[in-house]
Number of protein chains: 2
Amino acid sequence: MQRYFTITQLTQEFDITTRTLRFYEAQGLVSPTRRGRQRLYTHGDRTRIKLILRGKRLGFSLNDIREIIEMYASDPGETGQLRLLLDRISARREELLEKQRDIELTLLELDEVESGARTRISELEAGLSREKV
Amino acid sequence: MQRYFTITQLTQEFDITTRTLRFYEAQGLVSPTRRGRQRLYTHGDRTRIKLILRGKRLGFSLNDIREIIEMYASDPGETGQLRLLLDRISARREELLEKQRDIELTLLELDEVESGARTRISELEAGLSREKV
DNA sequence: CAACATATTGACTTTAACGTAAAAAGCCTG
DNA sequence: CAGGCTTTTTACGTTAAAGTCAATATGTTG
C-alpha cells in the first residue's frame, strides 16, 4: 500500500479537478503535507476528501462539512463541551433523517410515474393507440 | 378549503421570501395565475413548491428539480419518449439510492462519535479525570 | 542539459440562487 | 381621496464553489 497520493491521483480517483482540491485546502478542509512545494496526501487526507464529497452529494455546504468533520476530529476534555457535541450530533442526525424521509417520498413518486409510463407503453404496444383506451 | 394562496401566505408557511418565489417563477418552476398583477397560487402550485423545497433539501439544483418536476408532469404520447422517461427515472432512482447509502454511512459515523463522547462523559463523571483512564 | 510535462500560485471570471433597494402600482381605511 | 400598507418590477449586489488563464517552478527523460 502506498504511503502518499499525489494530487492528480486523487483527482482521477474522485473525478474532481486540482483546482477543487486546492480550494478545499484553502478552506482548511484538508492539509496535505509537502515535499518541496508538492502536495502529498496521506490516507487520512484521502478519507477526508471522501467525507467531503459524500457531504456534497447530500447537499451540505462546505461550511457544514467542515463542522461535521471537526465533530469527528474533536477531542473535548470537559463535560460541557462533550454535551455540546452531543447536541450537534443529534441536530445533524435530525437533518439526515429528514433527508431520508425526503428520499423515501421521492422514490415513491418515481415508482408511480414509472408504473404509469409502463401502463401506457403496454397499451400502445397492444395497438390500442386509437385514443381514449 | 381555500381556492388560492397569496404569496405571503406561502412564504410564511414554507419560511422562504417573496424573492425566492418570484425567482422560482422566473425559472419556470411555478406559474401562479394572476388577479390583476397579483399572484394567486393554487394547491397545485403549492405542491410544486413543496417538491422544489424537498429537492433542495436533498441537494438537487433548481435545474435538476425542474427536470424531475417535468418528469412528473410529462405525458409522452409515443413509446420512444416513454422509454426515455423510464431511463430518466432509473437514473434519478440511482442517485437517490446513492444518497441513501451516504446517509446510512454518515449516521453510523455519528453513532460512533456519540458513543465515544458518552464514554468520556461517564468517565469524567466517575471522577476518573486524572488523565489516562 | 534542453525540452517537455507536471505542479503551484495568484488573479480574474463564472454560475446558481438568491438578497437588497428603489420606484411605481394596487388596494383598503378612515 | 390622502395616507399607509402590500405587491410588483427592475436593476444591481452578494456569496459559495469552483473554472480559467498566465506566470513560475519543479521534475524527468532522452
Side-chain angles (χ1 to χ4, degrees), chain A residues 2-42 45-46 48-70 92 95 99 102, chain B residues 2-42 45-46 48-70 92 95 99 102:
Chain A
Q2 57 181 313
R3 184 169 296 280
Y4 291 118
F5 303 92
T6 71
I7 195 168
T8 28
Q9 276 180 340
L10 295 180
T11 61
Q12 285 162 8
E13 175 173 2
F14 297 120
D15 194 30
I16 52 181
T17 68
T18 57
R19 180 69 182 88
T20 300
L21 279 179
R22 293 194 199 104
F23 182 73
Y24 291 166
E25 182 177 348
Q27 300 301 307
L29 292 169
V30 267
S31 313
T33 55
R34 300 289 178 118
R35 177 173 52 199
R37 335 181 78 205
Q38 223 187 315
R39 290 166 172 82
L40 296 177
Y41 294 84
T42 65
D45 294 326
R46 183 163 162 283
R48 263 167 180 268
I49 294 169
K50 275 198 209 175
L51 283 179
I52 297 169
L53 298 177
R54 206 167 74 198
K56 296 229 69 185
R57 284 197 299 273
L58 292 177
F60 288 110
S61 73
L62 292 185
N63 272 326
D64 289 336
I65 294 171
R66 189 206 325 284
E67 286 178 27
I68 295 175
I69 289 183
E70 278 168 7
R92 289 296 172 190
E95 274 183 87
K99 282 180 201 283
D102 287 333
Chain B
Q2 57 179 314
R3 186 170 294 281
Y4 291 117
F5 303 92
T6 71
I7 195 168
T8 27
Q9 276 181 340
L10 294 180
T11 61
Q12 285 163 8
E13 175 173 1
F14 297 120
D15 194 29
I16 54 182
T17 68
T18 58
R19 180 72 182 85
T20 300
L21 279 178
R22 293 195 197 104
F23 182 74
Y24 291 167
E25 182 176 348
Q27 299 302 307
L29 291 169
V30 267
S31 314
T33 55
R34 299 290 177 117
R35 178 173 52 199
R37 334 181 80 207
Q38 223 188 315
R39 290 166 172 82
L40 295 178
Y41 294 84
T42 65
D45 294 325
R46 184 163 162 281
R48 264 169 178 266
I49 294 168
K50 274 197 209 177
L51 284 178
I52 297 170
L53 298 177
R54 204 167 75 198
K56 294 232 69 185
R57 283 197 300 273
L58 292 177
F60 287 110
S61 73
L62 291 185
N63 273 326
D64 289 336
I65 293 171
R66 189 207 324 284
E67 286 177 27
I68 295 174
I69 288 183
E70 279 168 5
R92 289 298 171 187
E95 274 183 85
K99 283 179 200 282
D102 287 333

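Note that the structure is predicted; figures quoted are calculated from it, not measured. Hydrogens, waters and symmetry mates are skipped; everything else that's a heavy atom, side chains included, is used. Naming convention: chains lettered A, B, ... in sequence-line order (proteins, then strands); numbering from 1 in each chain.
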Checking [X] now: which residues fulfil salt bridge (Lys or Arg N to Asp or Glu O under 4.0 Å) with it, not counting sequence neighbours?
| X | answer |
| --- | --- |
| A:Arg54 | B:Glu109 |
| A:Glu25 | A:Arg34, A:Arg39 |
| A:Asp45 | none |

Rounded to whole Å, please give me the gap between [atom1] in [X] and [atom2] in [N].
| X | N | atom1 | atom2 | answer |
| --- | --- | --- | --- | --- |
| B:Arg66 | C:dA16 | CZ | P | 10 Å |
| B:Gln27 | C:dT15 | CD | C1' | 12 Å |
| B:Asp64 | C:dA17 | CG | P | 9 Å |
| A:Leu21 | C:dT9 | CG | C1' | 16 Å |
| B:Glu67 | C:dA16 | CD | P | 13 Å |
| A:Phe23 | D:dA16 | CZ | C1' | 7 Å |
| A:Leu10 | C:dT6 | CG | C1' | 15 Å |
| A:Phe5 | C:dT6 | CZ | P | 20 Å |

Self-check item: Contact pattern, 5' to 3', of nucleotides 5-12 of chain D - B, S or - by protein heavy atom under 4.0 Å
Solution: --SBB-B-
Quiz prompt | 5' precedence on DNA chain C between B:Arg35 and B:Lys56 (nearest-nucleotide basis) | solution = B:Lys56
Quiz item: Does B:Ser61 offer a backbone N or O that forms a donor-acceptor pair with the side chain of B:Lys56 under 3.5 Å?
Solution: no
Self-check item: salt bridge (charged side-chain N to carboxylate O under 4.0 Å, His left out) contacts touching residues 58-68 of chain A (sequence neighbours left out)
Solution: A:Asp64-A:Arg92, A:Glu67-A:Arg92
Quiz prompt | Pair listing, salt bridge (charged side-chain N to carboxylate O under 4.0 Å, His left out) test, anchored in residues 4-24 of chain B, at least two apart | solution = B:Glu13-B:Arg46
Would you say a side-chain N or O of [X] is under 4.0 Å from OP1 or OP2 of [N]?
| X | N | result |
| --- | --- | --- |
| B:Thr17 | C:dG19 | yes |
| B:Thr20 | C:dG19 | yes |
| A:Tyr24 | D:dA17 | no |

Quiz item: So, A:Thr11 and A:Thr8: side-chain donor and acceptor under 3.5 Å apart, yes or no?
Solution: no
